[in-house]
Number of protein chains: 2
Amino acid sequence: MAQDRNTEELIIEAAKKIFVKRGLAGARMQDIADEAGINKAMLHYYYRSKDKLFEIVFNEAIGKVIGRLGTVLSQPMPILEKIPAIVESYIDGVMEAPYLPMFVLNEINQQPEMFLQRLKTQGNFPNILLFLKEIVEAGKQGQIKEVSPIQLLLNILSLCVFPFVARPMVQGILQLDSVQYNMIMEDRKKVITEVIFAWIKA
Amino acid sequence: MAQDRNTEELIIEAAKKIFVKRGLAGARMQDIADEAGINKAMLHYYYRSKDKLFEIVFNEAIGKVIGRLGTVLSQPMPILEKIPAIVESYIDGVMEAPYLPMFVLNEINQQPEMFLQRLKTQGNFPNILLFLKEIVEAGKQGQIKEVSPIQLLLNILSLCVFPFVARPMVQGILQLDSVQYNMIMEDRKKVITEVIFAWIKA
DNA sequence: GTCTATAGCTGGATAGAC
DNA sequence: GTCTATCCAGCTATAGAC
């Protein structure tokens, strides 16, 4: 148990777990309280309302999913080294919290305004836009083929993230157990890099 | 208005709209009734409960998303012609109902049991498994490179579906309006085929 | 700060008139 | 078959004792 930590943190940890699993609409304050091993009233004492609590969890989740992307995209490396690095570190990151992408994507779809609001306040992830320029530059210099930078970004993201978002579906259809699926995900680091390289090699 | 159609259909249409938008937990029977232009009591008269109504909508949605995939995967064509056909027809299909994939994926994540149950009753999409064998075969015959068929399937699916699932997020970050995004999606048909071909060409 | 008890509301479901 | 009125469970949120 994590009884040694203070109540505020206990609540946030529990809230993450429940919100990520059930979403805003499906989550119950009682479940969060149970998960934290405390009383329902404490949730309101510390965080006032369900919405406020959700906002904290959601913002942190966005930070993890998108922020991490920004970080890895902005490592100063030649593009041909950077792409495998992006793939590897992003997949590793997602594997640590495999349900986070689905949660973030779904809640953004539910409340696009909330997300757009957040974008305004905290800047538009300049690292990502910078990465796009880098692609164009590398194309002009002949390091890679000249491709649409947005399509390239979409391709990398799609190949890395989708298999986690669709995991229960794919696992069900193809009758794979968890061990098999994890192996496939591990293989993907190599596969994705191969696929992208095959496409952009000059 | 579709007042000429019978009430049962009106309800289903309305239920689709609301469930797909809000999910099972977020949808309100009142909203479905309003959308259908009828009374809340009628929903229960025709479909007994929210869960029953949801099941109908959900099953139809799965059928569209996965069933369509099975259909297109099983067209009798040489593999190198089939892949562009798959990509084109699947993207066109998704563009008609862009929120369906997110809905299906999210609800499967929420209730994997319900989905696995459905798989048992209606067979395991044999078309999809057949497609995997076809890939292996084409690899052995040297029509394409020998690649993992599951990875290939995952790649195609990822590249086609993810951009729709992540649309609000990507659009927000890259500051794109809907017209621009639709053009990008239109371009993708070509891009995806290029990417896959670059990877598997013998 | 933490708990119990409960207010107040929302939303799914039903009864019963027409 | 369709409506209004209403029930009742479940949920967020708060009051108040300790």
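Sequence lines set the chain letters: A, B, ... in the order given, protein chains first and strands last, and positions in each chain run from 1.
Residue A/Thr7 places at least one side-chain N or O closer than 4.0 Å to OP1 or OP2 of C/dT2.
Between the CG atom of A/Asn39 and the C1' atom of C/dT4 there is a distance of 8 Å, rounded to whole Å. Protein atom CG of A/Asp34 is 12 Å distant from nucleotide atom P of C/dC3, rounded to whole Å. D/dC3 atom P lies 11 Å from atom CG of B/Leu10, rounded to whole Å. To the nearest angstrom, C1' of C/dG1 lies 5 Å from CE of A/Met42. The CZ-C1' distance, from B/Arg48 to D/dG1, rounds to 17 Å in whole Å. Whole-Å rounding puts the B/Leu43 CG to D/dC3 C1' distance at 13 Å. Distance B/Tyr46 OH to C/dT14 C1': 17 Å, rounded to the nearest Å. Here D/dG10 presents its C1' atom at 9 Å from NZ of A/Lys40, a figure rounded to the nearest Å.
In this structure, of D/dT2, C/dA15, D/dT12, it is D/dT12 that holds the atom nearest to the side chain of A/Lys50. For A/Met29, taking side-chain heavy atoms from C-beta onward, the closest of the listed nucleotides D/dA13, C/dG12, D/dG1 is D/dA13. Nearest to the side chain of A/Ile38, among D/dC3, D/dT2, C/dC3, sits C/dC3. Set against D/dT4, C/dA13, C/dG11, the side chain of B/His44 has C/dA13 as its closest nucleotide.
Separating the OH atom in B/Tyr46 from the OG1 atom in B/Thr7 is a distance of 4.0 Å, to the nearest 0.5 Å. Taken from NZ in B/Lys190 to CD in A/Gln151, the straight-line distance is 8.5 Å, to the nearest 0.5 Å. Separating the CD atom in B/Gln141 from the CD1 atom in B/Ile144 is a distance of 10.0 Å, to the nearest 0.5 Å.
Checked by atom type, the side-chain pair B/Asn182/B/Glu186 shows no donor-acceptor distance below 3.5 Å.
Side-chain rings of A/Phe103 and A/Tyr99 stay apart, their centers remaining 6.0 Å or farther from each other.
Residue-level contact check: B/Ala25 touches neither bases nor backbone, having no heavy atom under 4.0 Å from any strand. At a threshold of 4.0 angstrom between heavy atoms, the contacts of A/Ala27 are confined to the sugar-phosphate backbone, with no base atom among them.
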